[in-house]
Amino acid sequence: MPSALDRIDATLDLDLLPGRGLWPWIQLGWLASYRPVNEMRDEALLRDAFTAGLTFWSWLARGHRASLGVEGTFLFDVPSPADTSPRASGLVFLRYDYTARRGLRDFPPASPSRRTARGPRRRAISARTPPSISGAGPTRALSA
C-alpha cells in the first residue's frame, strides 16, 4: 500500500533589523524535515537545514527599493547517506521592488514629541469668554 505522507516540516525563522541606513537586514532560519519510509525511501530520515542571510537595501525614490544580499544554507541528514549529506549552498542576489507608491516603510516614523502627540497647547483664558469688566459677568452685555 503506497504511503500518502512524504514529509513533515517545521521551521523557525528570525529576522533582525537592527538599525537604519547601512545596517543590514539579518535573517536566520532552521528547517527540520522528517521524511518517513515510503515507496521512494527505504529508510526514514530527519533533514536539517540552517540558513543565514544578510541584505542591504535602500529606497531609491518613493515606491522603489533596491536590495543586495547574500545567503548560505547548510543541509545534513540523520542518518547520513554518504552521497547526499552534508551539503552547502550559497547565493548572491540583487533585487528590485516596486511598491506602487503605497507607502511601504521598513521602519515606523520617528515617534512624535509629547506636545505633538497631545495636540497644540491651548491657553486657558483664550478659549473662554473674555473676563468681566467692572463686575459685569460673562452673560451681561456692556452698554456704551
Side-chain angles (χ1 to χ4, degrees), residues 1-133 136-142:
M1 173 180 230
S3 173
L5 181 64
D6 181 53
R7 67 186 192 195
I8 299 171
D9 293 347
T11 61
L12 180 64
D13 292 311
L14 176 66
D15 290 322
L16 301 170
L17 295 162
R20 296 177 185 243
L22 295 178
W23 287 92
W25 171 13
I26 302 166
Q27 302 150 316
L28 301 172
W30 171 65
L31 165 76
S33 179
Y34 174 70
R35 302 185 179 205
V37 174
N38 61 20
E39 61 275 354
M40 300 297 289
R41 264 187 301 279
D42 296 331
E43 185 179 14
L45 64 96
L46 177 65
R47 174 165 290 163
D48 287 295
F50 295 94
T51 303
L54 199 61
T55 304
F56 294 90
W57 76 96
S58 179
W59 288 106
L60 303 175
R62 185 171 171 88
H64 303 271
R65 180 174 57 187
S67 304
L68 174 65
V70 294
E71 185 177 289
T73 301
F74 179 70
L75 286 157
F76 65 94
D77 298 334
V78 177
S80 177
D83 58 338
T84 61
S85 180
R87 293 187 301 254
S89 66
L91 170 71
V92 176
F93 62 89
L94 178 62
R95 180 174 58 216
Y96 167 77
D97 298 311
Y98 176 63
T99 63
R101 301 177 59 93
R102 67 175 186 223
L104 179 67
R105 305 190 93 185
D106 287 319
F107 295 98
S111 62
S113 70
R114 205 173 144 175
R115 181 173 289 191
T116 326
R118 289 185 302 179
R121 200 170 228 195
R122 293 187 212 156
R123 300 181 103 189
I125 297 176
S126 65
R128 298 183 203 156
T129 56
S132 61
I133 301 174
T139 55
R140 288 178 33 190
L142 298 175

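The figures that follow rest on heavy atoms only: side chains count, while hydrogens, waters and symmetry mates do not. The first residue in the sequence is number 1, and the count goes up from there.
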Nearest heavy-atom pair of Gly29 and Asp13: which atoms, and what distance?
CA-OD1, 3.5 Å

Could you tell me which residues satisfy salt bridge (charged side-chain N to carboxylate O under 4.0 Å, His left out) with Arg47, sequence neighbours excluded, listed by chain and number?
Asp77

From Phe56 CZ over to Leu54 CG, what is the distance, rounded to the nearest 0.5 angstrom?
4.5 Å

Worked check of side chain to side chain contact (heavy atoms under 4.5 Å, CB included) between Thr55 and Glu71
CA-CA 9 Å; Thr55 304; Glu71 185 177 289; over 6 Å; no

Check against side chain to side chain contact (heavy atoms under 4.5 Å, CB included), His64 and Tyr96:
CA-CA 7 Å; His64 303 271; Tyr96 167 77; 2.4 Å; yes

Restricting to side-chain hydrogen bond (donor to acceptor under 3.5 Å, both in side chains), what partner residues turn up for Thr73, sequence neighbours left out?
Thr51

Non-neighbouring partners of Arg41 that pass salt bridge (charged side-chain N to carboxylate O under 4.0 Å, His left out), sequence neighbours left out:
Asp6

Beyond-backbone contact of Trp25 with Leu16, side-chain heavy atoms, under 4.5 angstrom:
no

Could you tell me if Ser33 and Arg35 have a donor-acceptor pair between their side chains, going purely by distance under 3.5 Å?
yes

Considering all heavy atoms of both residues, which atom of Pro24 and which atom of Pro18 are nearest to each other, and what is their separation?
O-CD, 3.2 Å

Among all residues two or more places apart in sequence or in another chain, which pass the ring-ring contact (aromatic ring centres under 6.0 Å, His included) test with Phe74?
Phe76

State which residues pass ring-ring contact (aromatic ring centres under 6.0 Å, His included) with Tyr34; sequence neighbours excluded, sorted by chain then number.
none

Heavy-atom closest pair, residues Pro79 and Ala44
CD-O, 3.6 Å

If I compare all heavy atoms of Trp23 with all of Trp57, which pair ends up nearest, and what's the gap?
O-CZ3, 3.7 Å

Could I get the full list of salt bridge (charged side-chain N to carboxylate O under 4.0 Å, His left out) partners for Asp9, not counting sequence neighbours?
Arg7

For Val70 and Phe93, which heavy atoms make the closest approach, and how far apart are they?
N-CE2, 4.0 Å

Within this structure, what is the OG1-CH2 distance for the pair Thr99 and Trp59, rounded to the nearest 0.5 Å?
4.5 Å

